[in-house]
J.: 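This is the structure I want to talk about, given as structure tokens.
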Amino acid sequence: MSINCEECGKLYHIPPDKIEKIRSLGNKFKCKECGHIIILKDTDGEEELSDKGNITEVSLNMEDVSEELNVSQDISKSSETSVERNSGDDQKSEKKKLIELSGLKFKGFGLRGKMLILFLIIPLMLMSGLGFFSQQQMEILTGEINKNSIKVVKSLAEENIAAKVRSVALQCRIFLYSHPEILKEDFNYSPDFKRIVVQNIGETGSTFLGELPDTKNMSWKIWAHMNPMFVGKDFITEASSSLGSYKDKFWQIIEQVVDGKEPKGYYSWQEDNKKITEKFIVCSKIEGTSYVVACTTNVNEFTHSIKIMEDVVKRKTINTRNINLLILVGALVIMGLTISIYAYKLTKNINYLTDAADRISVGELDAEIKVTSKDEIGNLADAISRMQDSLRFSMERLRRRR
């Protein structure tokens, strides 16, 4: 059962087990807010409402206490007012009404948390994903550019070295045809011939001359070389310590010259300091003779400039990634502070208006509402204030009529 105090409007919910206690006290009790005396009077089914000074009588039908007591309020054009309230003895329904009217709030996911998710976490995830994807694509693109650059530079260097070897072979052929008396044992000691045969290519490469490789004995005698230790000796034997396990690969390259081909390829070479370097070799047969002109050079000489550029690009990529991370962190901090401050102010105003509405619902019609916002929250505050004024005026008119 629910009863309103006609003086201040406070709502009282009286459970069935309390009715007998009120009847034993004279069917009346005092309003805790204004001191107004509320009297419950038993009738045969009629409900009458009277106002005697400071006393309000509300009839109670004891024959059917389980039915709902309806009190409704309707302000007509002629200023006539009636109040109707719904109540029942259903415990669950009463508990729900009590929770709603007492201002209890559902502890769900708040507006501030939703704003943080929608305007901070989700954009942050999108920005992070986009940044990660862009960084990955940049690294892939950089790697492809470096890889293709090295391939192109190697191809150009190989072609230039092969052209140089062919040129030396042609010069040697001309010299040998014009000097048929010169012996192969004298190739390295003839200044004119050695000047033609042994030519520097780059910083680490040079040309040299040897006989056609002996495929049966797997030997290759050298007759003109920059290093005298190889002259007149089998190159495969002398260089076996430097070639190591790569001797077979080296042999597979040079033996192709026997079939009239112009073989070229890469092999590994161990320097005196035990460092393994990758080398490139190309061979060209001297037409009409049993001799071969070859050239070897370090691969690093081809790609040195590319490696430098690759290191620069890697440093630039790392710097760009770090800058992007700093920008992302800075944006996160700024967005987080902005959204948190705005969400705090917004939820503060909403909670304030909710509390004001709760106080008005229990009869505090003089509660002051102070919201200076100029947006929709301000409009809501104005609407609640107008509702508060309307209720107060209605209650005053009702008291004057009675």
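All of these numbers come straight from a predicted model, not from anything done at the bench. Numbers here are sequence positions counted from 1.
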J.: Distance-only, no hydrogens or angles: does the S390 side chain make a donor-acceptor pair with backbone N or O of M387 under 3.5 Å?
T.: no

J.: Start with the C-alpha gap between F208 and F187, add the side-chain angles, then the distance that decides, and say whether ring pair (Phe, Tyr, Trp, His ring centres under 6.0 Å) holds.
T.: CA-CA 10 Å; F208 58 94; F187 286 170; over 10 Å; no

J.: Working to the nearest 0.5 angstrom, can you tell me the gap between C172 SG and F193 CZ?
T.: 4.0 Å

J.: Which pairs count as side chain to side chain donor-acceptor pair (under 3.5 Å) when at least one residue sits in residues 274-294, sequence neighbours excluded?
T.: E271-T277

J.: Between D382 and N379, is there a side-chain donor-acceptor contact under 3.5 Å, judged purely by atom types and distance?
T.: no

J.: Cut-off 3.5 Å, side chains only: do W223 and E211 have a donor facing an acceptor?
T.: yes

J.: Indicate, with yes or no, if the rings of Y267 and Y246 have centres closer together than 6.0 Å.
T.: no

J.: Strictly by side chain to side chain donor-acceptor pair (under 3.5 Å), give each pair with a member in residues 157-167 just once, sequence neighbours left out.
T.: E158-Y266, E159-R166, K164-Q199, R166-E262, S167-Q171

J.: For R195, check salt bridge (Lys or Arg N to Asp or Glu O under 4.0 Å) against everything at least two apart and list the hits.
T.: D192

J.: Between D389 and R386, is the salt bridge (charged side-chain N to carboxylate O under 4.0 Å, His left out) condition met? List the steps.
T.: CA-CA 5 Å; D389 294 338; R386 290 192 297 270; over 6 Å; no

J.: Donor-acceptor pair, T207 side chain versus V197 backbone, under 3.5 Å?
T.: yes

J.: Between V257 and P213, what is the shortest heavy-atom contact and its length?
T.: CG1-CD, 3.6 Å

J.: Between N322 and N319, is a side chain to side chain donor-acceptor pair (under 3.5 Å) present by the stated rule, with each step listed?
T.: CA-CA 5 Å; N322 294 336; N319 292 337; 4.7 Å; no

